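One-based numbering along the sequence shown. Please read these numbers as outputs of a predicted model, since none were measured by experiment.
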Amino acid sequence: YHIPTFVFINKMDLPGPGKEKLLEQLNHRLGEGFVDFGADEDTRNEALAVCDERLMEAVLERGTLTPEELIPAIARRHVFPCWFGAALKLEGVDALLAGLDTYTRPAPALDAFGAKVFKLSQDEQGTRLTWLRVTGGTLKVKAQLTGESDGGPWAEKANQLRLYSGVKYTLAEEVGPGQVCAVTGLTQAHPGEGLGAERDSDLPVLEPVLSYQVLLPEGADIHAALGKLHWLEEEEPQLHVVWNETLGEIHVQLMGEIQLEVLKSLLAERYGLDVEFDSGGILYKETITEAIEGVGHYEPLRHYAEVHLKLEPLPR
């Protein structure tokens with residue numbers, strides 16, 4: 001996706017290869033530029049100088065680097081800042097958050113209202129929450145929002161603007177650029193959608209590679225289960241739910257077994273639905289191997305038309 005990336009290496013409280021070996025693995029497997037931002041200044045600057053010519057010039061000239069010099073190198077993806085810690089014990093978390101604050105700069109805010117939807121969820125009462133980040137202008141409570149979904153254009157009111165801290169929230173009258181809030185009252189918005197002057201996100205490059213049949217407990221209502229899975233599909237865009245009308249089967253398309261475990265526990269916790277999955281299979285797509293021409297002939301009253309359609313395979 002070509003976006004600047006910050007890395008947190010977790011579970012450092014467990015036995016393992018150690019920081020130096022892990023950095024070596026990152027640089028070997030993912031490309032150069034991974035630097036330990038928790039190291040002492042001289043070690044860090046030495047590693048940074050190798051990543052970017054401008055940083056090398058600054059280090060040779062002054063021996064130090066400022067955040068203002070590091071931010072463009074991170075933005076250009078020449079440097080990937082790394083922190084090590086143990087999230088469960090909150091070790092290294094403050095340093096990561098401070099680093100995110102120090103080594104990023106806010107995107108310029110739009111004058112007109114704009115917001116990006118990034119998540120859907122439900123609160124304990126089952127109210128649909130649309131999570132968004134305001135990128136410009138101001139979002140006021142009860143404001144009319146518009147967008148486009150699979151069902152066509154929609155227009156709905158932002159009933160509540162909730163600012164969450166853990167499971168608790170306060171209600172806001174308005175939300176400004178850079179702020180994140182959960183909105184109630186929207187039933188059509190979806191993750192990645194841009195509202196107002198904000199554009200939609202590009203479609204994900206990664207698509208599911210595995211397909212599993214959902215095996216329901218005996219006596220379970222298959223259509224009710226399908227509805228629940230469709231709701232989870234809205235929450236998690238990487239989950240694809242497919243209904244096979246002919247066989248009366250539900251299939252889910254996922255990236256791997258971890259997602260399968262998460263889906264199984266979500267269905268059990270939220271809906272009391274204990275499902276299993278079959279052994280699954282690889283998703284594949286078919287294509288043509290050579291050029292082919294199709295002909296369509298159409299002859300209504302006093303008219304005549306013939307269409308020749310040629311399909312050719314693109315390079316693999």
Side-chain angles (χ1 to χ4, degrees), residues 1-12 19-20 22-62 64-87 90-110 114-119 131-136 175-181 191-207 236-238 255:
Y1 297 107
H2 305 294
I3 56 172
T5 305
F6 288 66
V7 180
F8 184 77
I9 296 98
N10 195 18
K11 301 183 192 263
M12 290 302 292
K19 291 183 185 180
E20 283 184 18
L22 288 165
L23 277 173
E24 201 179 292
Q25 286 177 13
L26 282 167
N27 283 304
H28 175 68
R29 289 178 62 180
L30 301 175
E32 299 296 319
F34 294 87
V35 176
D36 180 6
F37 269 52
D40 65 78
E41 192 178 356
D42 288 343
T43 307
R44 193 190 75 166
N45 288 347
E46 196 178 308
L48 286 165
V50 180
C51 301
D52 185 282
E53 278 184 31
R54 293 177 208 181
L55 297 183
M56 182 175 279
E57 286 168 15
V59 170
L60 293 172
E61 208 173 288
R62 299 192 316 275
T64 60
L65 290 167
T66 64
E68 287 67 34
E69 289 166 317
L70 287 171
I71 287 169
I74 294 166
R76 289 195 296 268
R77 290 166 52 84
H78 292 180
V79 174
F80 301 101
C82 298
W83 284 268
F84 295 81
L90 295 181
E91 290 170 14
V93 175
D94 286 344
L96 168 70
L97 293 175
L100 283 168
D101 197 37
T102 305
Y103 300 110
T104 58
R105 56 182 167 219
L110 307 163
K116 178 67 66 77
V117 178
F118 64 88
K119 185 172 85 165
W131 295 77
L132 52 82
R133 179 176 183 269
V134 176
T135 53
V175 180
Q179 282 189 286
V180 165
C181 70
E193 185 171 8
L195 305 176
E198 185 61 55
R199 70 180 191 84
D200 292 349
S201 296
D202 295 327
L203 290 171
V205 173
L206 293 174
E207 288 189 4
E236 178 47 76
Q238 283 187 322
M255 297 299 286

Counting neighbours of [atom1] on [X] that are heavy atoms of other residues, nucleotides or ligands and sit closer than 6.0 Å, is the number greater than 12?
X	atom1	result
E46	CD	no
R44	CZ	yes
E53	CD	no

Rounded to the nearest 0.5 Å, what's the gap from [atom1] on [X] to [atom2] on [Y]? Could you check?
X	Y	atom1	atom2	result
D40	N45	CG	CG	9.0 Å
E68	R105	CD	CZ	9.5 Å
H28	L26	NE2	CG	11.5 Å
E198	T135	CD	OG1	3.5 Å
Q25	E20	CD	CD	12.5 Å

Taking the side chain as every heavy atom from C-beta outward, state whether [X] and [Y] have any atom pair closer than 4.5 Å.
X	Y	value
F37	F6	no
F8	L100	no
L48	E69	no
V175	L132	no

For [X] against [Y], the heavy-atom pair lying closest together:
X	Y	answer
A73	L55	CB-CD1, 3.9 Å
G33	C51	CA-SG, 3.8 Å
T5	P81	O-CD, 3.5 Å

For the pair [X] (side chain) and [Y] (backbone), establish whether a donor and an acceptor sit closer than 3.5 Å, ignoring hydrogens and angles.
X	Y	answer
D200	E193	no
R76	H78	no
D36	W83	no

Of V50, D42, L65, D52, which is the lone residue that meets side chain to side chain contact (heavy atoms under 4.5 Å, CB included) with V59? L65

Plane angle bin for F80 and F34 - parallel if under 30°, tilted between 30 and 60°, otherwise perpendicular: parallel

Quiz question: by atom type and distance under 3.5 Å, do the side chains of K116 and S201 form a donor-acceptor pair? yes

